[in-house]
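Report on one structure; see the data block that follows.
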Amino acid sequence: MASHGLTYDGCNFFRQRLVLSTLSGKRVKISNIRSKEDNPGLRDFEASFIRLLDKVTNGSRIEINQTGSVLFYQPGLLQGGSVEHDCNTQRSIGYYLEALLMLAPFMKTSLKATLRGVTNDPIDPTVDVLKSTALPLMKKFGIDGEGFDLKVVKRGMAPGGGGEVVFTCPVRRTIRPVQLMDPGKIKRIRGVAYSVRVSPQMANRIVESARGVLNQFIPDIYIYTDHMKGANSGKSPGFGLTLVAETLNGFFLSAEMSSTPQGQGDPMLPEDLGRNCAKLLLEEVHRGGCVDSSNQSLALLLMTLGQQDVSKVLLGPLSPYTIEFLRHIRDFFQIMFKVEVRKPLEDERKGGDKVLMTCVGVGYSNINKSLK
């Protein structure tokens with residue numbers, strides 16, 4: 001690629017491109033963003049995402065043409081510090097948080113981000129899932145300490161929002177390489193059934209039906225019920241369930257479901273939601289690996305940015321999003337992964353095909369970090 005940076009077409013994988021551009025310092029130009037549609041250009045939630053990037057960086061240059069169908073982004077330095085952002089309610093806070101998780105360790109000063117908006121919706125990873133799977137995953141790479149936390153202060157269901165989360169993350173100079181090869185068997189299942197602005201009984205009904213499915217496999221199941229009241233319950237009614245299976249070697253696989261947002265289709269029975277979510281968890285366990293499908297790209301990014309040493313991670317089947325992410329990593333960091341498919345033996349009962357991903361890190365060191 002020439003020195004004028006990378007060029008892409010279309011609105012897909014928008015966050016991936018901007019996040020990798022920010023980390024690698026390469027300029028990126030994205031054209032033809034929904035140029036054929038009646039309502040062309042960037043959507044509000046994407047503009048909101050750009051504003052968030054602008055808040056955590058210093059000296060970024062962002063140019064957007066009149067219709068919003070061409071975006072030029074020249075990344076600045078990752079600044080960090082205290083940031084407040086009202087996320088657009090078209091997408092949940094998870095949409096913004098996933099990107100922040102990737103950027104947070106490489107800031108100049110440790111990040112304290114207060115995000116407001118929709119905490120749980122059916123499209124994006126909910127805040128609860130990121131808390132119970134993405135944070136432990138980052139700890140494996142040596143990103144941990146006092147200030148590493150994600151708090152749900154208020155819940156806000158789609159479409160109204162009104163939720164609030166606080167994410168704090170310390171900065172790291174380097175990321176340590178990892179060898180995550182053997183997840184081990186599932187030892188326990190934990191979960192949270194949440195309900196806001198509906199009867200608190202809903203959560204209990206969800207728990208009962210989810211246990212009905214999972215009790216056939218494992219006795220150690222505990223699902224907390226979380227019913228937020230008053231100002232902490234956001235603006236819209238809803239309920240949902242987050243399930244996390246923990247393996248013997250301390251890896252987490254998760255599944256989640258949220259009720260249909262008010263006024264967007266047929267309402268959902270809490271019993272069905274509990275059952276379906278339990279089945280999704282079983283599906284995720286079948287896929288297996290050390291990282292569940294929603295966090296594959298985060299794991300691969302941290303492997304890429306590790307010290308110049310070999311990292312290995314065993315994943316379940318790669319999701320389409322992850323495959324595209326690997327292509328982007330090749331573009332921005334010139335890192336190629338070695339991909340080995342591991343078929344489980346017939347009698348092992350180890351679930352689906354596994355993929356062993358191996359790479360040598362680029363030895364990324366955080367130049368932004370201020371010297372104390």
Side-chain angles (χ1 to χ4, degrees), residues 91-92 94-95 97-98 118-137 155 157-158 183 185-195 202-226 238-247 251-261 264-299 314-322 344 349-355:
R91 299 296 288 261
S92 84
Y95 174 86
L97 205 51
E98 273 189 310
V118 175
T119 54
N120 305 78
D121 78 352
I123 337 172
D124 295 302
T126 59
V127 177
D128 308 84
V129 154
L130 291 173
K131 182 179 173 124
S132 50
T133 58
L135 270 59
L137 173 66
R155 268 193 199 288
M157 303 293 291
K185 287 192 162 41
I186 304 289
K187 67 174 174 185
R188 60 170 167 226
I189 293 176
R190 293 286 174 267
V192 178
Y194 53 85
S195 57
M202 291 290 194
N204 304 344
R205 286 163 64 185
I206 294 175
V207 171
E208 222 157 279
S209 61
R211 293 194 64 124
V213 175
L214 297 171
N215 267 340
Q216 304 167 28
F217 303 99
I218 193 171
D220 185 358
I221 301 175
Y222 198 92
I223 303 177
Y224 301 88
T225 54
D226 170 17
F239 50 87
L241 173 64
T242 302
L243 290 173
V244 179
E246 187 183 344
T247 68
F251 298 107
F252 298 88
L253 305 171
S254 70
E256 55 169 347
M257 275 197 99
S258 303
S259 57
T260 321
Q264 288 183 14
D266 300 335
M268 201 177 214
L269 277 176
E271 284 79 7
D272 295 347
L273 184 131
R275 260 196 309 277
N276 293 344
C277 188
K279 285 174 185 165
L280 282 178
L281 184 70
L282 297 178
E283 166 76 23
E284 203 55 68
V285 170
H286 174 81
R287 293 174 69 112
C290 295
V291 182
D292 63 358
S293 51
S294 59
N295 289 309
Q296 285 175 347
S297 44
L298 176 62
L314 187 71
L315 301 177
L318 300 178
S319 68
Y321 190 78
T322 309
R349 298 174 57 188
K350 283 273 180 74
D353 293 353
K354 305 289 180 281
V355 184

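- V192 meets the side chain to side chain contact (heavy atoms under 4.5 Å, CB included) test with R155, D226; sequence neighbours excluded.
- Applying the side chain to side chain contact (heavy atoms under 4.5 Å, CB included) test to S293 and every residue at least two apart in sequence or in another chain returns E284, R287, Q296.
- For the pair D128 and K131, the salt-bridge criterion is not met [side-chain N within less than 4.0 Å of a carboxylate O].
- Identified under the side-chain hydrogen bond (donor to acceptor under 3.5 Å, both in side chains) test for residues 210-222, with sequence neighbours left out: R190-D220.
- Under the side chain to side chain donor-acceptor pair (under 3.5 Å) criterion, T242 pairs with no residue at all, not counting sequence neighbours.
- Listed by chain and residue number, I186, I189, L281, V285 satisfy the side chain to side chain contact (heavy atoms under 4.5 Å, CB included) test with A245 (two or more places apart in sequence, or in another chain).
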>> Pair E256, S294 - check side chain to side chain contact (heavy atoms under 4.5 Å, CB included), show working.
In response: CA-CA 11 Å; E256 55 169 347; S294 59; over 6 Å; no
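- When all heavy atoms of A299 and V291 are compared, the pair lying nearest together is CB-CG2, 4.0 Å.
- No side-chain heavy atom of E98 sits less than 4.5 Å from a side-chain heavy atom of S297.
- Nearest heavy-atom pair across S209 and G274 is OG-CA, 3.4 Å.
- When all heavy atoms are compared, the tightest approach of V355 to G316 is CG2-O, 3.9 Å.
- The side-chain heavy atoms of L241 and M257, taken from C-beta on, include no pair separated by under 4.5 Å.
- Shown here are the side chain to side chain donor-acceptor pair (under 3.5 Å) partners of S254, two or more places apart in sequence or in another chain: D292.
- A pairwise comparison of heavy atoms in P183 and T247 identifies O-OG1, 2.8 Å as the closest pair.
- The salt bridge (charged side-chain N to carboxylate O under 4.0 Å, His left out) test applied to K187 returns E246, not counting sequence neighbours.
- The distance from the NZ atom of K185 to the CD1 atom of I218 is 11.5 Å, given to the nearest 0.5 Å.
- No side-chain heavy atom of F252 sits under 4.5 Å from any side-chain heavy atom of N295.
- In this structure, P261 and P122 have side chains that are in contact, with non-hydrogen atoms separated by less than 4.5 Å.
- Evaluation of the side chain to side chain contact (heavy atoms under 4.5 Å, CB included) rule for A203 yields A193, S195, T225 as partners, not counting sequence neighbours.
- With sequence neighbours left out, the side chain to side chain donor-acceptor pair (under 3.5 Å) criterion links R91 to D124.
- For the pair T260 and D266, the minimum side-chain heavy-atom distance is 4.5 Å or more.
- Contact between S132 and V244 at its shortest, heavy atoms only, is OG-CG2, 3.3 Å.
- Annotation: side chain of D121 is not in contact with side chain of S258 (no heavy-atom distance under 4.5 Å).
- In this view, R205 and E271 satisfy the side chain to side chain donor-acceptor pair (under 3.5 Å) rule, not counting sequence neighbours.
- Here the closest heavy-atom approach between residue F239 and residue M268 is recorded as CZ-O, 3.3 Å.
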